[in-house]
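Both ligands and their constituent atoms are indexed starting at 1 by order of listing. Keep in mind it's a predicted model, so treat the numbers as computed, not measured.
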Amino acid sequence: MKVTVVGAGAVGASCAEYIAIKNFASEVVLLDIKEGYAEGKAMDLMQTASLNGFDTRIVGSTNDYSKTADSDICVITSGIPRKPGMTREELIGINAGIVKTVSTSLVKHSPNTILIVVSNPMDTMTYLAHKVTGLPKNRIIGMGGALDSARFKYRLAEALGAPISDVDGMVIGGHSDKGMVPLTRLATRNSVPVSAFISEERLDQVMQDTKVGGATLTGLLGTSAWYAPGAAVSGLVQAIACDQKKIFPCSTLLEGEYGLNDLCIGVPVVLGKNGIEEIVTIDLTDAEKAHMAESAEGVSKTNGLLEL
Ligand code: NAI
C-alpha cells in the first residue's frame, strides 16, 4: 500500500505521522514544493520509526511526481491555511490553482489512485478535483466531516461529563462555520440519545462550539489546527487501505442524494477498498433538510467562484 501526501506542512506531516504509526502502509511519499522541506520532514519522521515501532518507509520529494507513481491513495493538503478572522472560503483564490495543478499531476502518475482532498475551501476543492481529473466519483473524497464530527464528540463529552469513547455523533453538510450540520438528534451516549442527559440550550451551545471549532483553534494558534485534521485523514486512509467498510461523513459528489445535485458536500459514506463504496441516506427532519439546503447553497456559491 503506497500513500502520497502532498503538502509537507502542518496537516500533511501530521497525517503522514499518524499513517506511519498505524503501520498499515508500506510507503508514504511526502511531497512539497518548498525545496528540501518534504525530505527534511520525511527524514525526521523516519528517525521516529524505531522509537514508535513502525516499518512504513517515508520518502520526501521536492515536487518530483515520479516518486508518487502508482500510489493507491493520494492526499492533497497543499495550499495556504487561514489566519485568525479569515473564513475558509477566502482561501479559494490561491488554493484553487494549487489543487488544480496538484490533482492533475497526481492522477497523471497514479491513474488508479483514490484522491482525498483536504485543502480549503474543502468542498469546493473536492468539486474542482472532480472536474479537472475526471476520476469516477467513488475515487474523490473530501475530508471535513470526520474532523467536524471528532470536534462535535469532544464538545459533547465535555458537556455530558462522559468519556469520549462513550459518545457518538456526526456532522454532515459543508465544511464551513455556517455550513456544518451537527446531527444533535442522532447523537448518543452509550446508545441513549444525549437529549436524555442535557438541556436543549446546552445542546445548542455544543452545536455552536462545534461549528466554530476550527476558528477557535485558529484564534489560539495563529494558524489552523493540524493534529485532529491529520488524525482524521489517517482514519479515512486506513479505512480505504484496510477495506474496513467504516462510515465517515465525507464530501462527495451528489447526484440526487439528499435532494442535491452537482456539488460535493459532506454526507455519511461507507469507505472501503474502492474509496466510497456507498452513500448512506439518513431520513432528515424538515429542520435538518432546511439546514442542509442552506449549507448546499453556500457551497454552490463558492463553487461559482471557480474558473472551470
Ligand atoms: P501549511 O502552510 O502548514 O502547509 C501547506 C504546505 O503546502 C506548505 O508546506 C507549502 O509549501 C505546500 N504547498 C503549497 N503549494 C504547493 C504546491 N503547488 N505543491 C506542493 N506543495 C505545495 O498549511 P496546513 O496547516 O498544513 O494546511 C494545509 C491546507 O489544509 C490549508 O488549505 C488548510 O486550510 C487545510 N485544512 C483543511 C482541513 C479540513 O478539515 N479539510 C483541516 C485543516 C486544514
Side-chain angles (χ1 to χ4, degrees), residues 4-18 29-42 60-65 67-68 74-84 86-106 109 115-129 140-152 171 173-177 179-180 210-211 213-218 221-236 248-252 264-266 299 302:
T4 285
V5 179
V6 179
V11 176
S14 160
C15 154
E17 182 178 12
Y18 284 119
V29 177
L30 202 49
L31 182 146
D32 202 284
I33 201 164
K34 230 186 287 175
E35 187 67 44
Y37 195 57
E39 287 86 341
K41 289 274 181 114
S61 161
T62 303
N63 228 26
D64 176 2
Y65 280 86
K67 293 223 173 98
T68 71
C74 293
V75 181
I76 304 179
T77 76
S78 47
I80 53 164
R82 58 184 174 154
K83 295 275 175 242
M86 281 176 92
T87 66
R88 296 175 177 91
E89 289 74 13
E90 286 173 69
L91 306 172
I92 190 170
I94 295 177
N95 287 356
I98 295 174
V99 169
K100 200 170 177 176
T101 312
V102 168
S103 56
T104 45
S105 306
L106 285 171
H109 290 83
L115 271 189
I116 300 180
V117 180
V118 182
S119 312
N120 274 316
M122 181 279 295
D123 297 292
T124 296
M125 294 301 104
T126 307
Y127 183 74
L128 173 66
I140 302 191
I141 304 163
M143 195 295 289
L147 170 65
D148 301 333
S149 300
R151 288 179 172 157
F152 184 38
V171 178
H175 180 59
S176 66
D177 297 3
M180 283 179 218
T210 301
K211 287 180 161 202
T216 304
L217 283 163
T218 304
L221 298 166
T223 185
S224 66
W226 54 88
Y227 294 120
V233 177
S234 77
L236 267 50
F248 290 91
C250 291
S251 191
T252 183
C264 294
I265 195 164
V299 172
T302 311

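Here the closest heavy-atom approach between residue Val99 and residue Met125 is recorded as CG2-SD, 3.7 Å. Closest non-hydrogen pair, Asp32 versus Gly9, comes out as OD2-N, 4.0 Å. For the residue pair Ser149 and Val171, the shortest heavy atom distance occurs at OG-N, 2.9 Å. The two residues Asp123 and Ser251 come nearest to each other via the heavy atoms OD1-OG, 2.7 Å. Of all non-hydrogen atoms in Leu236 and Ala146, the two that sit nearest each other are CD1-CB, 3.8 Å. The heavy-atom pair separating Ala232 from Met143 by the smallest distance is CB-SD, 3.7 Å.
Counting heavy atoms under 4.0 Å from ligand 1, residue Ser78 touches it through both backbone and side chain. The residue Thr223 has no part lying near ligand 1, judged by heavy-atom distances below 4.0 Å. Contacts between Leu91 and ligand 1, counted as non-hydrogen atom pairs separated by less than 4.0 Å, involve the side chain only. Of all the heavy atoms of Ile80, the ones lying under 4.0 Å from any atom of ligand 1 belong exclusively to the backbone. At a heavy-atom cutoff of 4.0 Å, ligand 1 is contacted by the backbone of Thr77 but not by its side chain. When non-hydrogen atoms are compared, ligand 1 lies under 4.0 Å from the side chain of Tyr37 (C-beta onward) but not from its backbone.
Summary of contacts: the protein heavy atom closest to atom 12 (C) of ligand 1 is Asp32 OD2, 3.2 Å. Among protein heavy atoms, the minimum distance from atom 14 (C) of ligand 1 is reached at Gly79 N, 3.9 Å. Residue, atom and distance of the protein heavy atom nearest to atom 44 (C) of ligand 1 are Val11 CG2, 3.7 Å.
Taking every heavy atom of Pro229 and a limit of under 4.0 angstrom, the matching atoms of ligand 1 come to 42 (C), 43 (C). Heavy-atom proximity to Leu147, at under 4.0 Å, picks out these atoms of ligand 1: 40 (O), 42 (C). Contact atoms of ligand 1 toward His175: 39 (C), 40 (O), 41 (N) (distance under 4.0 Å to a heavy atom of the residue). Interface atoms of ligand 1 facing Val6, defined by a heavy-atom separation under 4.0 Å, are 20 (C).
Ranked by closest heavy atom to atom 20 (C) of ligand 1, the top entry among Val233, Ile98, Ile33 is Ile33. Compare Thr218, Asn120, Thr126 by their heavy atoms: the one nearest to atom 34 (O) of ligand 1 is in Asn120. For atom 2 (O) of ligand 1, the candidate residues are Pro81, Gly145, Gly9; the nearest heavy-atom contact is made by Pro81.
Residue Lys41 places its NZ atom among more than 12 non-hydrogen atoms of other residues, nucleotides or ligands, all under 6.0 Å distant. Leu221 CG: more than 12 foreign heavy atoms inside a 6.0 Å radius.
Side chains of Lys67 and Leu31 form no contact here, defined as non-hydrogen atoms less than 4.5 Å apart. Residues Cys74 and Val6 are not in side-chain contact: their nearest non-hydrogen atoms beyond the backbone lie 4.5 Å or more apart. Using a 4.5 Å cut-off on side-chain heavy atoms (C-beta onward), Val102 and Tyr65 make contact.
With Asp177 as the partner, the salt bridge (Lys or Arg N to Asp or Glu O under 4.0 Å) test is satisfied by one option alone out of Lys211, Arg88, Arg151: Arg88.
Residue-ligand proximity: Val102 is placed with a non-hydrogen atom under 4.0 Å from ligand 1.
The distance criterion of under 3.5 Å between nitrogen or oxygen atoms is met by Met143 with respect to ligand 1. Distances between N or O atoms of Val118 and those of ligand 1 include at least one value under 3.5 Å. Considering backbone and side-chain atoms alike, Ala10 places an N or O below 3.5 Å from some N or O of ligand 1. When only interatomic distances are considered, the shortest N/O to N/O separation between Asn95 and ligand 1 falls below 3.5 Å. For Met122, no nitrogen or oxygen atom sits less than 3.5 Å from a nitrogen or oxygen atom of ligand 1, counting backbone and side chain alike.
A donor and an acceptor atom, one from each side chain of Glu17 and Ser14, are nowhere located under 3.5 Å apart.
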